[in-house]
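One structure below.
Throughout, protein chains are lettered first and strands after them, A, B, ... in sequence-line order, and every chain is numbered starting at 1. All heavy atoms count here, side chains included; hydrogens, waters and symmetry mates do not.
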2 protein chains.
Amino acid sequence: MNPEFHTYKNPSLAVDLVVFGYHRQSLSVLLLNRKDAPFIDGWTLPGGFLQMEETLQQVCNRIMRTKIGIDNLYLEQLYAFDAPQRDPRGRVISIAHYALINPERFEIVAGKMANDVKWFPLNQVPELGFDHTEIFHQALQRLKSKILSHPVGFELLDETFTMTELQALYECILDISIDRRNFRRKILDSAYILLTGSKREGLKNRHPDLYKFNKDLKENRFQLNISAQQ
Amino acid sequence: MNPEFHTYKNPSLAVDLVVFGYHRQSLSVLLLNRKDAPFIDGWTLPGGFLQMEETLQQVCNRIMRTKIGIDNLYLEQLYAFDAPQRDPRGRVISIAHYALINPERFEIVAGKMANDVKWFPLNQVPELGFDHTEIFHQALQRLKSKILSHPVGFELLDETFTMTELQALYECILDISIDRRNFRRKILDSAYILLTGSKREGLKNRHPDLYKFNKDLKENRFQLNISAQQ
DNA sequence: TTACTTTGTGTCATAATAACGCAAAGAAGA
DNA sequence: TCTTCTTTGCGTTATTATGACACAAAGTAA
């Protein structure tokens, strides 16, 4: 067996979570107010250490459950942050993830480690402890580019939703305004391809299920290919 | 101080490297033949454990230097692989990276941990140890999507290169064929925007520096927006 | 010189996108 | 109910991006 393996002393491994919530036409992030040092009373992203037998997904879910009281959400790995001084307590590598939820479906509660848990609208996010400001910005960036090619936004809406609601979400995340009619065409074209397998010929041509935008459609994730107009 | 921090026992942290090299119009990956268990005599990606005071970049460079004898390359973080059983020796999380080099510029040598180091053309890559086959495929996928929007390919070419050489590289990485004249237009349009800040009007309109494709142009990374034709 | 390959430049047809018109359906107030 | 205002659905048109392809000039090899 490889001797390198046993003598090895390694940095700690943690995850941090950027939880996005969409509520009343505005996008927010979930932040914790810390009870302990470092950054006592400062705002940070929820996070925690990886236990021996956990997967990254499992840690993320554990943190959400114990610290915030929600579970089972859309989750994507973002990036590993490794700056040597990022945590004043010692060397910690953090593998950041971002998550999307609909705040109305959950009652958030401050876990025992936090004074407070709060949703902050994106333009009112304070300076964060550790390197969490950078993590937050990168997560937002990733979400923006992701939503342009994949329909991740559905996690943030209700079970069923209208075209207008979907558009509002896109405009909010991308921070642009989109022509209502062009957006509609994009979605219908994409959904048509998903549902029938072929391209939509002529605008009137549509699939009976197309206007429901219900659970079925949400579970079949389709390529949106919305392009950012400016 | 947070008691959670001190009592914490964590998985090991490693990096694995997918090193792409482009040589004689064909793309290859660098693989090691293992001297030690597990997977004795099997092929794997080069990798290593993260030391206490290293950044991820530094580990990657150390591995390249000691195991293969090359250094200082284009490096990008790919993904953290966390399957509990991915390493038979114990729990190891690996943060995979991929790198691009021009093999002609380096003499690769097997370090003391390996029987052999070899370039494998992409279509001749054997089954790899650990979960490295999956890592390799994901790295290739990422490289493909990256090259469509960013000019990463320059790292794989010589100091100066022709439009034809650049196109060959793109065709090779993306595994498609591209019309020579359309490719040229794309590159010239993008480069024009980079050099002048405005859009090219009319095909003849070009910038005096445009034909050099030299160091200057390489350092100013520009958006290519090549789209994959079938 | 000739034949052949490579490179530079352009055109044209098609597809994707942005911008916008208009009418029907619903909501709100008198 | 009638009017006004807003929302929603469906379309057209102009512009831009893309894919396919023609041709000539420059270079290379005999």
Side-chain angles (χ1 to χ4, degrees), chain A residues 24-25 145 147-149 157-158 160-172 174-195 198-214 217 222-230, chain B residues 24-25 147-149 157-158 160-172 174-196 198-214 217 222-230:
Chain A
R24 299 206 196 162
Q25 316 247 354
S145 76
I147 204 177
L148 289 175
S149 56
L157 293 171
D158 291 325
T160 60
F161 49 89
T162 65
M163 192 73 83
T164 310
E165 286 167 351
L166 185 62
Q167 181 180 348
L169 173 65
Y170 268 76
E171 294 187 319
C172 179
L174 294 171
D175 197 25
I176 58 173
S177 68
I178 306 175
D179 183 275
R180 182 176 57 86
R181 294 145 291 191
N182 293 336
F183 181 81
R184 184 183 182 77
R185 178 162 38 99
K186 263 287 192 187
I187 300 289
L188 293 183
D189 283 352
S190 304
Y192 189 86
I193 290 173
L194 171 73
L195 292 168
S198 58
K199 220 181 62 179
R200 195 158 73 120
E201 305 285 351
L203 294 171
K204 278 179 192 158
N205 195 349
R206 73 176 94 99
H207 190 278
D209 289 345
L210 216 56
Y211 287 84
K212 290 199 293 183
F213 278 96
N214 58 7
L217 192 54
F222 57 91
Q223 285 273 123
L224 280 181
N225 294 322
I226 305 283
S227 71
Q229 310 167 21
Q230 169 37 311
Chain B
R24 299 207 197 162
Q25 317 247 353
I147 204 176
L148 288 175
S149 55
L157 293 171
D158 291 324
T160 59
F161 49 89
T162 66
M163 191 73 85
T164 309
E165 286 166 351
L166 185 62
Q167 179 180 349
L169 173 65
Y170 268 75
E171 294 187 319
C172 179
L174 295 171
D175 197 24
I176 58 174
S177 68
I178 306 173
D179 183 275
R180 181 176 59 85
R181 294 146 292 189
N182 294 336
F183 180 81
R184 185 184 182 75
R185 184 181 40 190
K186 264 287 194 189
I187 300 287
L188 292 184
D189 284 351
S190 304
Y192 189 85
I193 289 173
L194 170 73
L195 293 168
T196 70
S198 57
K199 222 184 61 182
R200 195 158 75 121
E201 305 286 350
L203 294 170
K204 279 179 190 158
N205 195 349
R206 72 177 94 100
H207 192 278
D209 290 344
L210 214 57
Y211 286 83
K212 291 201 290 180
F213 278 95
N214 56 8
L217 193 54
F222 57 92
Q223 284 274 124
L224 278 183
N225 295 319
I226 306 283
S227 72
Q229 307 166 24
Q230 172 47 354

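Across the protein-nucleic acid pair, B:Leu166 atom CG and C:dG8 atom C1' stand 16 Å apart, rounded to whole Å. In this structure, CG of B:Leu148 is placed 15 Å from C1' of D:dT18, rounded to the nearest angstrom. Across the protein-nucleic acid pair, B:Met163 atom CE and C:dT6 atom C1' stand 14 Å apart, rounded to whole Å. Whole-Å rounding puts the A:Ile178 CD1 to C:dA18 C1' distance at 12 Å. D:dC10 atom P lies 16 Å from atom CZ of A:Phe183, rounded to whole Å. Rounded to whole angstrom, the span from the CD1 atom of B:Ile187 across to the C1' atom of C:dG8 amounts to 15 Å. Following rounding to the nearest Å, A:Phe161 (CZ) and D:dT7 (P) show an atom-to-atom distance of 20 Å. One interatomic measurement links the two molecules: CD of B:Gln167 to P of C:dG8, which rounds to 12 Å at whole-angstrom precision.
In this model, a side-chain donor or acceptor of B:Arg180 finds a partner on the base of C:dG8 within 3.5 Å. Between the side chain of B:Arg185 and the base of C:dG8, no donor-acceptor pair of N or O atoms lies under 3.5 Å.
The shortest distance between the side-chain N/O atoms of A:Thr162 and the OP1/OP2 oxygens of D:dT8 is not below 4.0 Å.
Between B:Leu188 and B:Met163, the closest side-chain pair of non-hydrogen atoms falls below 4.5 Å.
Of the two residues contacting DNA chain D, namely A:Arg181 and B:Arg181, the nearest-nucleotide position lying further toward the 5' end is that of A:Arg181.
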Chi angles and distances behind the side chain to side chain contact (heavy atoms under 4.5 Å, CB included) call for A:Asn182, A:Lys186
CA-CA 6 Å; A:Asn182 293 336; A:Lys186 263 287 192 187; over 6 Å; no

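In the set D:dT18, D:dA17, C:dC20, the nucleotide with an atom closest to the side chain of A:Asn182 is C:dC20.
The backbone N or O of A:Ile178 sits less than 3.5 Å from a side-chain atom of A:Gln167, completing a donor-acceptor pair.
The line from CZ of B:Arg184 to CG of B:Asp179 is 12.0 Å long, rounded to the nearest 0.5 Å.
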